[in-house]
**Q** 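Shown below is the structure under consideration.
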There are 2 protein chains.
Amino acid sequence: MRLSGTSYAVLSVLDALGPATPYDLKQALEVSVQNFWPIPHTTAYAEPERLAKAGLLSVEQEPSGRRRKLYALTDEGRTALRDWASGTKLSPPQVRDEGVLKIFAGADPQPILEDRLRWHTHKLAELEGYLEAVTGKPEMASVRASLLVGVGYEKLIVDALASYVRSAQTATAAPTDQSLAGSAGSGKLRRRS
Amino acid sequence: MRLSGTSYAVLSVLDALGPATPYDLKQALEVSVQNFWPIPHTTAYAEPERLAKAGLLSVEQEPSGRRRKLYALTDEGRTALRDWASGTKLSPPQVRDEGVLKIFAGADPQPILEDRLRWHTHKLAELEGYLEAVTGKPEMASVRASLLVGVGYEKLIVDALASYVRSAQTATAAPTDQSLAGSAGSGKLRRRS
DNA sequence: TCCAACACCATCCGATGCGGACTATACTGC
DNA sequence: GCAGTATAGTCCGCATCGGATGGTGTTGGA
């Protein structure tokens with residue numbers, strides 16, 4: 001069976017959380033892993049099932065009420081997680097940003113970057129909130145470490161965007177000529193000959 | 001018919017490129033849009049077909065040889081592209097980074113950040129190469145603008161990582177206690193009661 | 001001249017990602 | 001014990017994704 005980054009994300013959260021229902025898992029994902037590894041909400045239900053089938057998680061039914069399933073790491077699951085985390089192979093990081101796509105398509109960068117500044121400012125505050133919630137908990141050290149990376153990253157972006165937006169340089173302003181046709185140069189991005 | 005960010009990515013590249021085969025499209029995507037909006041190679045074949053069916057692209061068969069298909073923007077396609085680019089709605093930016101995921105899982109941050117420093121350094125050089133290839137081409141202004149954003153972004157990351165790696169602080173070092181179990185606090189990331 | 005080898009180009013397939021819409025269950029105040 | 005709301009979970013259909021494979025043209029060497 002093939003384990004994806006998403007599989008390890010689920011294992012990690014379960015490791016930090018202890019036995020949890022899919023819903024617990026979903027909540028925890030939303031305030032942690034989501035920030036650097038997007039996961040759709042349905043995965044919080046589908047993935048544990050797959051992992052349990054592979055023997056990496058144990059399942060236990062709640063005895064009363066909703067009789068929800070409680071998933072927990074097995075020893076095998078813990079081993080798989082540690083092996084992956086200590087391995088040196090890293091898939092390349094990805095960014096997906098519709099704003100840059102619009103700039104590529106010819107939109108005026110200014111309002112887009114201003115929008116992004118607002119967004120990243122909010123995100124920074126959000127992450128700082130999470131960070132505060134795990135201070136003084138040595139057992140959450142790795143969660144804290146990832147949050148520190150996240151906060152550092154957002155600070156970087158916010159500072160850069162803020163200084164750009166403030167000075168609103170014309171050097172990177174929107175192109176006045178939107179007819180991109182006509183290039184026949186030797187660049188990497190070139191028209192057919 | 002529903003247009004995704006990927007649809008607009010294809011339209012944008014076709015707009016910059018002029019009439020192109022799926023393969024041309026794939027090549028162009030790889031050195032431009034890929035850097036801020038990941039697209040699998042098969043999409044370069046599947047998406048134009050969908051867009052053509054929706055009337056946003058025209059199709060023309062090569063008369064000789066492989067008789068490949070040449071796709072080009074229709075007026076309708078150009079309008080759709082402009083409308084989207086000038087609209088103010090932006091989906092939130094996403095980052096997907098297995099390195100941070102590993103740090104979250106308890107891995108030692110140091111080697112991961114060093115790996116990332118190398119990766120971003122290469123990426124920065126790559127983007128600067130693309131940038132050079134479009135200098136002095138006013139019809140490529142928007143491509144250049146997006147590259148400037150990309151270069152600025154990578155520079156930011158490289159600088160930050162470099163200074164971090166150099167000083168290798170212990171404040172964010174790997175957690176020595178990996179047994180994350182036991183937390184029963186009131187943080188956002190908490191165990192079941 | 002012809003063939004082998006390679007580079008280029010394209011499609012297929014199964015698995016997973018993805019999110020909207022919907023359903024079901026529990027809690028809360030009255 | 002009921003209405004309304006918050007919580008919890010499922011379903012469905014389509015898009016994404018990448019590995020694998022299969023064609024097609026080109027090049028160079030005997």
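Just so we're clear, the structure is a prediction, and the values are computed from it rather than from any experiment. Here is how names work: the chains are called A, B, and so on, in the same order as the sequence lines, proteins then strands, and each is numbered from 1.
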**Q** Pairs under 3.5 angstrom, nitrogen or oxygen only, protein versus nucleotides 10-16 of chain D, please.
**A**
| from | atom 1 | to | atom 2 | distance (Å) |
| --- | --- | --- | --- | --- |
| D/dA15 | OP1 | B/Arg50 | NH2 | 3.3 |

**Q** Using atom CD of A/Gln27 as one end and atom C1' of D/dA6 as the other, report the distance to the nearest whole Å.
**A**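 In whole Å, D/dA6 C1' and A/Gln27 CD are 11 Å from each other.
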**Q** Within a strict 4.5 Å, meaning less than it, do heavy atoms of the B/Tyr71 and B/Thr21 side chains meet?
**A** no
**Q** Please list, one pair per line, the donor and acceptor atoms closer than 3.5 Å that link side chains of residues 150-163 of chain A to other protein atoms, with sequence neighbours excluded.
**A**
| from | atom 1 | to | atom 2 | distance (Å) |
| --- | --- | --- | --- | --- |
| A/Tyr153 | OH | B/Tyr153 | OH | 2.7 |
| A/Glu154 | OE1 | A/His120 | ND1 | 2.7 |
| A/Ser163 | OG | A/Ala160 | O | 3.2 |

**Q** Show every salt bridge (charged side-chain N to carboxylate O under 4.0 Å, His left out) that has at least one partner inside residues 40-58 of chain B, sequence neighbours left out.
**A**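 Salt bridge (charged side-chain N to carboxylate O under 4.0 Å, His left out) check on residues 40-58 of chain B returns B/Glu47-B/Arg50.
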**Q** Run the side-chain hydrogen bond (donor to acceptor under 3.5 Å, both in side chains) test against A/Arg118 and tell me which residues pass, sequence neighbours left out.
**A**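 side-chain hydrogen bond (donor to acceptor under 3.5 Å, both in side chains) check on A/Arg118 returns nothing, list empty.
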**Q** With sequence neighbours left out, which residue pairs that include part of residues 83-100 of chain A fulfil the salt bridge (charged side-chain N to carboxylate O under 4.0 Å, His left out) condition?
**A** A/Asp97-A/Arg116
**Q** Can you name the ring pair (Phe, Tyr, Trp, His ring centres under 6.0 Å) partners of B/Trp84, sequence neighbours left out?
**A** B/Tyr8
**Q** Measure from CD on A/Glu49 to C1' on C/dA15 and round the result to the nearest Å.
**A**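 For the pair A/Glu49 CD and C/dA15 C1', the rounded distance is 15 Å.
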**Q** Rounded to the nearest Å, what distance is computed from the CG atom of residue B/Leu29 to the C1' atom of nucleotide D/dC17?
**A**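 My rounded result for the distance is 15 Å.
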**Q** Using whole Å, report how far CD of B/Glu30 lies from P of D/dC17.
**A**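 Roughly 14 Å, once rounded to whole Å.
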**Q** Grab the NZ-P distance between A/Lys53 and C/dT16 for me, whole Å please.
**A**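 In whole Å, C/dT16 P lies 10 Å from A/Lys53 NZ.
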**Q** Could you give the OH-to-P distance, from A/Tyr8 to C/dT16, as a whole number of Å?
**A**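 Taking OH of A/Tyr8 and P of C/dT16, I get 14 Å after rounding.
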